[in-house]
Amino acid sequence: MKAELNQHLTQVGPGTPGGNLLRRYWQPVALVDEFDPAIDPAMAVRPVKPVRVLGQNFVLFKNSEGRFGLLDRDCPHRGADLAFGRNEGDGLRCPFHGWKFDVDGRCLETPAEPAGSTLCNRVTQKSYPLIERSGVLFGWFGPEGVEPPPLPALDCFSAPNTHVFAFKGLWNCNWLQSLEVGIDPAHASYLHRFFSDGSLDDAYGKQFRGASAGEVAGERWPMTRVMREFGQPEILHEPKPWGTQLIALRRLNDELTHVRVTNAVFPQTFVIPLSETMTITQMHVPVDDTHNYWYAFFTSFDKPVDKEAMRKPRLDAVTLPFFQPKMGRHNNWGFNAQEQVERTYLGMGEDDINVHDQWACESMGAIQDRTREHLGTSDKVIMAYRRALQQAIDAVEQGGTAPGIADVAKHEGIHGPDTIDGFAPTGDWDAWWRKAVDDRREHSPWSAKDAALAGAK
């Protein structure tokens, strides 16, 4: 890849081609949990947070009525930082001269002005539309005059709150290299390889480690065994209304093939199985060109999510209030040479494979230099995605419609999308997995039966 194209695909700031594309999609800006005093005690005193998205600075606050406001961070008076404003219940007041703004950006007071001044009536602070879904606040940063699209019927947005848990974390690198790990079917056999298998009875909320992939000859196989023993998947992919469907086939023998179905929801989301009854929908949201937050939605098709069990180990791995990971370049991501020899392929822990992905992404550098890479057949999905991203950026630059979930005309065909990990009859794997996901929806306490449409597969 030429350096100019790499820059074209990775820059996200105002006025950049890539940034213009991403502003056509709703962007997560915070977890609702971030305003819960039980999680962050500072929120009991002052529910205000600085937010940086797509290279721009904002302030997010909650008023006494429980409404959220997302405003530009520089006060329209003389540019002081509103993230240090006084939350007075009905609005956020700038401590510099006392100008006060409500959640819609309307100026309520300019107390230093003379009596009778109408300046307040002529000043507004730019505010941004917010919607709350599945425990996450989304902001809209699209151009003036462009109507935000509704969020599509992805499972993570359709499930009741009892069946979805959301969390996030900060990575110190560009969003694109982070997304590309999630749409790479081959890496799991190496980056997440364990030399021994954990208990299948202690798998809740974990990916690969302890998770079951189903039965072979009456024996439950852990996902770790599948990934370890079958490292050359056949990778298939095809376009869908939401983006791309990926299928990785690992043939065990003439009778059985392991089928893993995942999805890339354009432009910055992937959907993968966590277990036989839970999926992960993960969005990589650019903070700026060199940082991104991952937002993960864990969606259960079975019992309600045990949110405390999901939250605790993930909270233990980050530092609040900005969800900075405790592992990183500063401590070599927890690398342990003895572990690499004896227990794992990477040597960076057995409990949290998120650290494995973090290392892969951050160790490339803040922005991966794609002029130096050499892609192979197993990277076919990466290549296809980059072409789609380039085409979408160019289309928006030429006045066209952003593709996928930003295109309301395609929403009727956007459901799910379905994922699975399991063992299928080698000669009939395609029919097997489609029936399996239909059965899962049929027996789910919440999943709409019409979501299992043929067009959603």
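The figures here come from the full heavy-atom set of this structure, side chains too, leaving out hydrogens, waters and symmetry mates. Positions are given from 1 along the sequence.
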Is the closest side-chain heavy-atom distance between [X] and [Y] below 4.5 Å?
| X | Y | value |
| --- | --- | --- |
| Thr262 | Ile183 | no |
| Trp294 | Asp357 | no |
| Glu362 | Met327 | no |
| Met283 | Gln27 | no |
| His291 | Asp288 | yes |
| Val305 | Val164 | no |
| Phe138 | Phe157 | yes |
| Leu119 | Trp99 | yes |

Exercise for review: Let me see the working for Met43 and Asp36 under side-chain contact (heavy atoms from CB on, under 4.5 Å), right down to the final yes or no.
Suggested key: CA-CA 6 Å; Met43 291 295 108; Asp36 183 350; over 6 Å; no

Point to revise | side-chain hydrogen bond (donor to acceptor under 3.5 Å, both in side chains) evaluation trace for Ser300 with Asp302 | key: CA-CA 5 Å; Ser300 172; Asp302 188 17; 5.9 Å; no

Point to revise | Inter- and intrachain pairs under ring-ring contact (aromatic ring centres under 6.0 Å, His included), touching residues 108-135, at least two apart | key: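 Counting only pairs at least two positions apart or across chains, the ring-ring contact (aromatic ring centres under 6.0 Å, His included) contacts touching residues 108-135 are Phe58-Tyr128, Tyr128-Phe141.
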
Review point. What residues, two or more places apart in sequence or in another chain, satisfy side chain to side chain contact (heavy atoms under 4.5 Å, CB included) together with Asp102?
Key: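 Side chain to side chain contact (heavy atoms under 4.5 Å, CB included) list for Asp102, sorted by chain: Asp104, Arg106, Leu108.
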
Practice item. Could you pull out all residues at least two apart from Gln11 that satisfy side chain to side chain contact (heavy atoms under 4.5 Å, CB included)? Key: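 Side chain to side chain contact (heavy atoms under 4.5 Å, CB included) list for Gln11, sorted by chain: Gln7, Thr16, Asp289.
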
**Study point:** CZ (Phe335) with more than 12 external heavy atoms under 6.0 Å
**Key:**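 Atom CZ in Phe335 is packed in, count exceeds 12.
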
Practice item. Assess whether atom NZ of Lys326 is packed by more than 12 heavy atoms of other residues, nucleotides or ligands within 6.0 Å. Key: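 Correct, the count exceeds 12.
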
Hey, could you give me the [atom1]/[atom2] distance between [X] and [Y], rounded to the nearest 0.5 Å?
| X | Y | atom1 | atom2 | answer |
| --- | --- | --- | --- | --- |
| Leu151 | Ile405 | CG | CD1 | 7.5 Å |
| Asp184 | Tyr385 | CG | OH | 14.0 Å |
| Trp242 | Phe266 | CH2 | CZ | 15.5 Å |

Donor-acceptor pair, side chain of [X] and main chain of [Y], under 3.5 angstrom:
| X | Y | value |
| --- | --- | --- |
| Asn174 | Thr10 | yes |
| Ser189 | Met227 | yes |
| Asn336 | Glu339 | yes |
| Gln282 | Tyr295 | no |
| Tyr25 | Pro149 | no |
| Ser158 | Leu154 | yes |
| Gln125 | Asp74 | yes |
| His356 | Glu350 | no |
| Asp352 | Asn354 | yes |
| Gln177 | Cys361 | yes |

Point to revise | Step-by-step salt bridge (charged side-chain N to carboxylate O under 4.0 Å, His left out) determination, Arg386 to Glu373 | key: CA-CA 14 Å; Arg386 291 177 185 175; Glu373 68 182 3; 2.3 Å; yes

Check your understanding: Any side-chain donor paired with an acceptor under 3.5 Å for Asn292 and Ser178?
Key ->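 There is such a pair between these side chains.
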
Practice item. Could you go through the salt bridge (charged side-chain N to carboxylate O under 4.0 Å, His left out) check for Glu34 and Lys62 one step at a time? Key: CA-CA 11 Å; Glu34 293 181 60; Lys62 185 178 182 180; over 6 Å; no

Point to revise | Option passing side chain to side chain contact (heavy atoms under 4.5 Å, CB included) with Asn63 (candidates Asp90, Val103, Leu92) | key: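 Only match with Asn63 under side chain to side chain contact (heavy atoms under 4.5 Å, CB included): Val103.
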
Review point. Just one of Ile272, Thr419, Val265, Val271 clears the side chain to side chain contact (heavy atoms under 4.5 Å, CB included) bar with Thr281, so which one?
Key: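 When side chain to side chain contact (heavy atoms under 4.5 Å, CB included) is applied between Thr281 and each of Ile272, Thr419, Val265, Val271, only Val271 qualifies.
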
For a quick test of reading the model, state the closest non-hydrogen atom pair linking [X] to [Y] and the distance between them.
| X | Y | value |
| --- | --- | --- |
| Pro95 | Gly85 | CD-CA, 3.8 Å |
| Pro325 | Gln358 | CG-NE2, 3.4 Å |
| His97 | Pro111 | O-CG, 3.7 Å |
| Pro273 | Val261 | CD-O, 3.8 Å |
| Thr401 | Asp407 | CG2-CG, 3.9 Å |

**Study point:** Pairs touching residues 131-142 that satisfy side-chain hydrogen bond (donor to acceptor under 3.5 Å, both in side chains), sequence neighbours left out
**Key:**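 For residues 131-142: none.
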
**Study point:** Partners meeting salt bridge (charged side-chain N to carboxylate O under 4.0 Å, His left out) with Arg193 (sequence neighbours left out)
**Key:**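 For Arg193 there are no salt bridge (charged side-chain N to carboxylate O under 4.0 Å, His left out) partners, ignoring immediate neighbours.
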
Practice item. Mind running side-chain contact (heavy atoms from CB on, under 4.5 Å) on Gln56 and Val53 for me, showing each step along the way? Key: CA-CA 5 Å; Gln56 289 182 261; Val53 183; over 6 Å; no

Review point. With the threshold set at 4.0 Å, does a side-chain nitrogen-carboxylate oxygen contact exist between Arg86 and Glu88?
Key: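 Salt bridge: yes.
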
Exercise for review: Determine, step by step, whether Arg67 and Glu65 satisfy the salt bridge (charged side-chain N to carboxylate O under 4.0 Å, His left out) criterion, reporting the C-alpha distance in whole Å, the side-chain angles of both residues, the deciding distance to 0.1 Å, and the verdict.
Suggested key: CA-CA 6 Å; Arg67 289 188 62 200; Glu65 297 178 348; 5.6 Å; no

**Study point:** Parallel, tilted or perpendicular, as decided by the 30° and 60° cut-offs, for the rings of His192 and His187
**Key:**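 His187 vs His192 ring planes: perpendicular.
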
Review point. Any idea how Phe96 and His77 line up, ring-wise: parallel (<30°), tilted (30 to 60°), or perpendicular (>60°)?
Key: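 Judged by the thresholds at 30° and 60°, the geometry between Phe96 and His77 is tilted.
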
Check your understanding: Quick one: which of Lys307, Lys168, Arg314, Arg311 gives a salt bridge (Lys or Arg N to Asp or Glu O under 4.0 Å) with Asp33?
Key ->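 The passing option is Arg311.
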
Point to revise | For Asp418, the option from Arg260, Lys240, Arg441 that meets salt bridge (Lys or Arg N to Asp or Glu O under 4.0 Å) | key: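 Single salt bridge (Lys or Arg N to Asp or Glu O under 4.0 Å) partner of Asp418 among Arg260, Lys240, Arg441: Arg441.
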
Exercise for review: Go through the steps for Asn57 and Asp81 under the test side-chain contact (heavy atoms from CB on, under 4.5 Å), then give the verdict.
Suggested key: CA-CA 10 Å; Asn57 293 321; Asp81 189 347; over 6 Å; no

Review point. So, Phe167 versus Phe298, ring centres under 6.0 angstrom or not?
Key: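 Between Phe298 and Phe167, which both carry aromatic rings, the centre distance is not below 6.0 Å.
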
Review point. Between Arg440 and Phe301, is NZ or CZ placed under 6.0 angstrom from the six-membered ring centre and within 45° of the ring axis?
Key: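 Cation-pi check for Arg440 and Phe301: passes.
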
Exercise for review: Could I get the full list of ring pair (Phe, Tyr, Trp, His ring centres under 6.0 Å) partners for His411, not counting sequence neighbours?
Suggested key: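 Listed in chain order: nothing, the list is empty.
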
